[in-house]
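Reviewing the structure listed below.
Per chain, numbering begins at 1; letters A, B, ... match sequence-line order.
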Amino acid sequence: MNILSPLIDHFNYFIIIFLMVSGLYVVVARGNMVKKLVGLMLFQTSVYLLYLSPGKILGGTPPIIDENFQIYSNPLPHVLILTAIVVGVATVALGLALVLRINEEYGTIEEDEIFAAEDEDK
Amino acid sequence: MSAETLIVVALLVPIVGAGLIALTGRNPNLRETMTIATSLVLFATVMGLLAAVLSGATPRTASVEIFAGVELGFSVEPLGMIFAVVASGLWIVNSIYSIGYMRGHNEPRQTSFYVCFAIAIAGAIGVAFAGNLFTLFLFYEILTLSTYPLVAHKADAKAISGGRIYLLMLLGTSMGLLLPAIVWTGIVAGTLDFMPGGILAGKLGGTALGLLLALYIFGIGKAAVMPMHYWLPAAMVAPTPVSALLHAVAVVKAGVFTVLKVVVYVFGIDLLAETGASEWLVFVAAFSLLMASIVALTRDNLKARLAYSTVSQLAYVVLGAALATQAAIIGSGMQIVMHATGKITLFFCAGAIMVATHKTEISDMAGIGRRMPVTMFAFLVGSLSIIGLPPLGGTWSKWWLGIGAVDAGHEWVVAVLMTSSLLNVAYLLPIVAPKAKPGERIAVTEAPKACLIPLCITAALCIVLFFGAGQVETLLAQLATTAPADIAATLPKGMPDGL
Amino acid sequence: MISSNLPALQVVLPLLGAVLTALVRRGQIAWFIALVVSWTMPMIAFALLKQVLAEGVVSYALGGWAPPLGIEYRVDLVSAYILILVSLMGALVVSYAPRSVASEIAPERQAWFYTMYLLCMCGLLGIAITGDAFNAFVFLEVSSLSTYVLIALGRDRRAILSAYQYLIVGTIGATFYVLGVGLLYVMTGSLNLADIAGRIGDIDNIRPLLAALAFITVGISLKVALFPVHLWLPNAYAFAPSVVTAFLASTATKVAIYLLLRYLFSIFGVVFVFRDLPVTEILITLSVAAMIIASVVAVFQANVKRMLAYSSVAQIGYITLGIALATQTGLTGGIVHIFNHAVMKAALFMAIGCVVFRTGAVKIEDIAGIGRHMPLTMGAFVIAGLALIGVPGTVGFVSKYYLVAAALEKGWWWLAAIIVISSLIAVVYVGRVIEVAWFRDPGAAIRAAREPPLEMLVFTWILTAAIVVLGFDTELTAGIAGRAAEVLLTGMK
């Protein structure tokens, strides 16, 4: 029980770390450029959770002032992450656009094939 | 004009001259008139300063602070004065010679040649008049960079690789060793100014002092102390006027001049004598001196032989600095002048031979004495001055160095000096008179007048300097930091009074 | 009215400019808008510097929301210095740009180019001016996203590939950064930098703080292109349009270094970072590796732009070295090198931009003998190259002197030796180009080359002149850098 309690108390962080590492792994290990972007998104999402989860206060309500409630959740992380999501979407959009252009130029989106094509050029 | 203005003018004249040369590049006659006019104006300016320095003054300009502790400033003390007079005076002669040589050889890109040359002279004058280590370093690098195009001038594979060695070694030693030495000096002494008696007294222990001196000596690659001499023979791919003025006078002398200046005004000879921090350098310089002479013996290419001779002769100056006695310093200062006139004569002759006969190897020069009698007579005069025989200027520098060695308690150095003179005889004199093949008729074919006249002038200078050495000595005696009586006591008998 | 809103204008104007350029769709007009905006920027930056020098830190509450809740724009000496650097470089680059852009980018994309350029400018200035950790992330991404596009506009198809690779690395870096900021937020409950700096001392549990420091440092290092996470930089610089390379090399990495300085010194504090943790050792090791390895790699490059890019990695090593020493002299050296390196690299890339404009050649062997046909352009290259080596009389000497002095003050001989060895390698790679450009016989393509159009030459030479002038008059660079170092070493309070 004692060993497990820190795990249970901080389970949200463990989920975050798991998502983060899997995302990074995909980015590094996959040669397919679209899959890389998927990994990147996964990685970013884990950070969104990092912000959001501590903002939730047990028993808290959305921060709309009402005399029936005394405890409110922190609204700031949501606002921040809204911004971060926008940034993330923009990044992925741009990334996909670049992948499209790469596909036009090289006829493939597999990294190793592209590098091989470049080596031949030299 | 005040002496202060003259300093600034002296620095600006060659730079403005370079601009004018560049502008008049399309008209060779005008361009070369510009070169000679610039050199004359510069010499006149320097002579104006000489009058002030001879009267015992040390003209200086106000310093401009660049950043904390680093200033740009100029001052003219005797040592720098001598160097400036030598460099600017010989530039006039060399300019006339250049015209004969460059036209005689049909060299390409002559305008950039003359422009770089003028900038190099500006660098040399800046080194001479530098009032602190930063200023000196700045002009030292300008000198390096402006002479690199001159070395690589021919732009063939050999010239390019020669230039590469030249640039890498000079820039490498100065950025790699000299710069840290200067920064270290700045941190320890709190100033970079040249002060009579040095700025390091009581600031560093003996070992650290020796280490700092080593950084300076090997960092000043232009002084060509072995093993930092390798660039000098490599630089001989340059056109001969470059070898003559820059690699016998301006560049290498800027090197040994810097060594002297650092020893006298940064370390202070008293400090070095007390701590013995320069003891090791006596041996290194002596080794460099003998070794270079021996290598010179083995070289068949005339310019290469002269280059190694230069390495050896530069070691005399460093040796004098290392001995750190008054007489030795005077000897070093004198060696700068005497070797300059002697060696420039030899290089002029080598160039004249190249122009007249297109020969560069000594073994091909059979009968050269009969073919070019005037040139080879001048060569003889120059050689004798380098060897150190009276009645030629070279005598005095060796004399003073000998006295300095005895003063410092290094009697064996006198033997080294003697041996070196014998080696000089062995590698210089055979060039003058190789036997002609029996029965061969040899017509007299001298080089063009523009080549011939300068080398006669410098040969004559070697003789004049024997009698005029008193003037130089008077100047150098001002460097004395201890009681003047010491100097009087060490005066050799028979030294001609100031002419 | 205007003078009290300068901090906001510094960021908002380029943003508005970006929108305008996107709307006009015509390259010429877009350039003109960019030009006007770009030249307004240094004026604002100098006005801000004046305010800072007169009144101390300038704090501006964006939208009237008081900090620490609202976003604060905060200009102190360090940020004013960076603002001036970025805005000035941007203005010079844009003035130089039009014909180079016209020759390298398709007509229908030129307006977009200026849009992206202004967005990038907005992001970079924003990072330097904001006093809010999360706002800095947003600006970081604004500048990064626009940079990816700018790089992808290069002629070579490898430009797109480089942009994609940079996008992956850059996003990871930015996400790391935001992760670290998140941890800091959890610990301190604030996103205002000054506020965090004030509260960070009260934290007992040091472990999350360490994690935050690590994430932030690594994240920013990716943007700085600190060795060994520099791999995106050479390709990006080599294949981006010439103008973009000149702009990025002189601004983007520099702003990232500013952010690093902010966190290491102002937020986490000198004592925590440099005394309690082995940051000095780690950072010096990486800097030294950058200075030596990247320099050596630069020697073996065939492409001039790539060579200069590796040289940038090495030069960034000098800057981080000064930071790692964390002494007054060292930090001054590092900060002054931010400025000096920006000036010389911009001059070098502009000179190469001129060569590309006239000949299209970027390989060293293809520019043989170009010195004789474009002497003014290559003259600028030579002077800027000498500054890279650190020859006295150029800006490079000033930085090098400070760094060597800082190393010797600490008694670290080996470090001084490494600094000079690295400059010696610079002699080799700069010398290589100079030798080929001046002493080889030109090929047919080079023989036809002439000097570039006037404005390209003039702005290249303005920077080249600055290299020499700022090598002697160091009031603006070393003077302010010294005081900025003082500000950083005393903390943010």
Side-chain angles (χ1 to χ4, degrees), chain B residues 22 64-72 108-109 112 123 126 133-142 144-145 148-149 151-157 159-188 192 211 215 219, chain C residues 328-329 332-333 336 369 371-372 375 382-383 385-386 389-394 396-411 413 415-417 419-428 430-432 434-436 438-441 470-475 477-479 481-482:
Chain B
V64 185
E65 184 167 71
I66 307 293
F67 48 92
V70 176
E71 293 174 338
L72 187 69
R109 295 185 300 284
S112 58
L133 278 170
F134 166 72
T135 316
L136 194 146
F137 187 52
L138 172 68
F139 284 95
Y140 183 96
E141 295 296 29
I142 290 180
T144 308
L145 296 169
Y148 163 68
V151 173
H153 184 81
K154 269 181 125 170
D156 56 11
I160 287 178
S161 83
R164 205 179 283 168
I165 294 170
Y166 182 78
L167 194 68
L168 279 179
M169 279 212 72
L170 287 188
L171 221 51
T173 49
S174 65
M175 295 300 298
L177 302 171
L178 184 55
L179 177 62
I182 292 174
V183 179
W184 191 10
T185 309
I187 292 176
V188 172
L192 292 176
L211 192 66
L215 280 180
Chain C
Q328 174 68 31
T329 319
T332 308
V336 81
R372 289 183 215 153
V382 168
I383 293 178
L386 294 177
I389 298 167
V391 172
T394 63
F397 176 78
V398 180
S399 340
K400 214 145 282 181
Y401 190 95
Y402 271 106
L403 290 175
V404 173
L408 290 184
E409 271 174 9
K410 283 213 165 195
W413 279 100
L415 191 58
I419 297 172
V420 296
I421 288 171
S422 164
S423 6
L424 295 187
I425 309 176
V427 177
V428 179
V430 172
R432 214 171 127 236
I434 293 178
E435 191 183 289
V436 170
W438 290 90
F439 295 106
R440 288 272 182 80
D441 284 326
L470 295 178
F472 286 106
D473 181 8
T474 61
E475 185 57 38
T477 51

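- Contact between B/P180 and C/V420 at its shortest, heavy atoms only, is CG-CG1, 3.8 Å.
- Contact of C/L386 with chain B is made through the side chain alone, with heavy-atom distances under 4.5 Å.
- In this structure, the portions of C/A405 lying under 4.5 Å from any heavy atom of chain B include both its backbone and its side chain.
- A distance of 4.5 Å separates CG in B/L138 from CZ in C/F472, rounded to the nearest 0.5 Å.
- Dense packing is recorded around NZ of C/K410, with more than 12 heavy atoms of other residues, nucleotides or ligands lying under 6.0 Å away.
- By the side chain to side chain contact (heavy atoms under 4.5 Å, CB included) test, C/D473 pairs with C/E475, sequence neighbours left out.
- Interface residue C/L408: backbone and side-chain heavy atoms are both found under 4.5 Å from chain B.
- When heavy atoms are compared at a cutoff of 4.5 Å, B/I160 approaches chain C by way of both its backbone and its side chain.
- For the set C/E409, C/K400, C/R440, C/E435, the count of heavy-atom pairs under 4.5 angstrom toward chain B peaks at C/E435.
- C/R372 touches chain B through its side chain: at least one heavy atom from C-beta onward sits under 4.5 Å away, while N, CA, C and O do not.
- Contact of the C/Y401 side chain with the B/F134 side chain is not registered, since no non-hydrogen atoms from C-beta on lie closer than 4.5 Å.
- By the side-chain hydrogen bond (donor to acceptor under 3.5 Å, both in side chains) test, B/T173 is found to be paired with no residue, residues two or more places apart in sequence or in another chain being considered.
- Only the side chain of B/I187 comes within less than 4.5 Å of a heavy atom in chain C; its backbone stays farther off.
- Contacts between B/V70 and chain C at a heavy-atom distance below 4.5 Å involve the side chain alone, from C-beta outward.
- Neither the backbone nor the side chain of C/W438 comes within contact range of chain B, judged by heavy atoms closer than 4.5 Å.
- Interface summary for chain C: among B/L167, B/L145, B/D156, the most heavy-atom pairs under 4.5 angstrom belong to B/L145.
- Residue B/M175 comes nearest to C/G390 through the heavy atom pair CE-O, 3.1 Å, listed as atom of the first residue, atom of the second, then distance.
- Within the 4.5 Å cutoff, the side chain of C/F397 has heavy atoms near those of the B/L179 side chain.
- With a 4.5 Å cut-off on non-hydrogen atoms, B/L171 touches chain C through its backbone and its side chain both.
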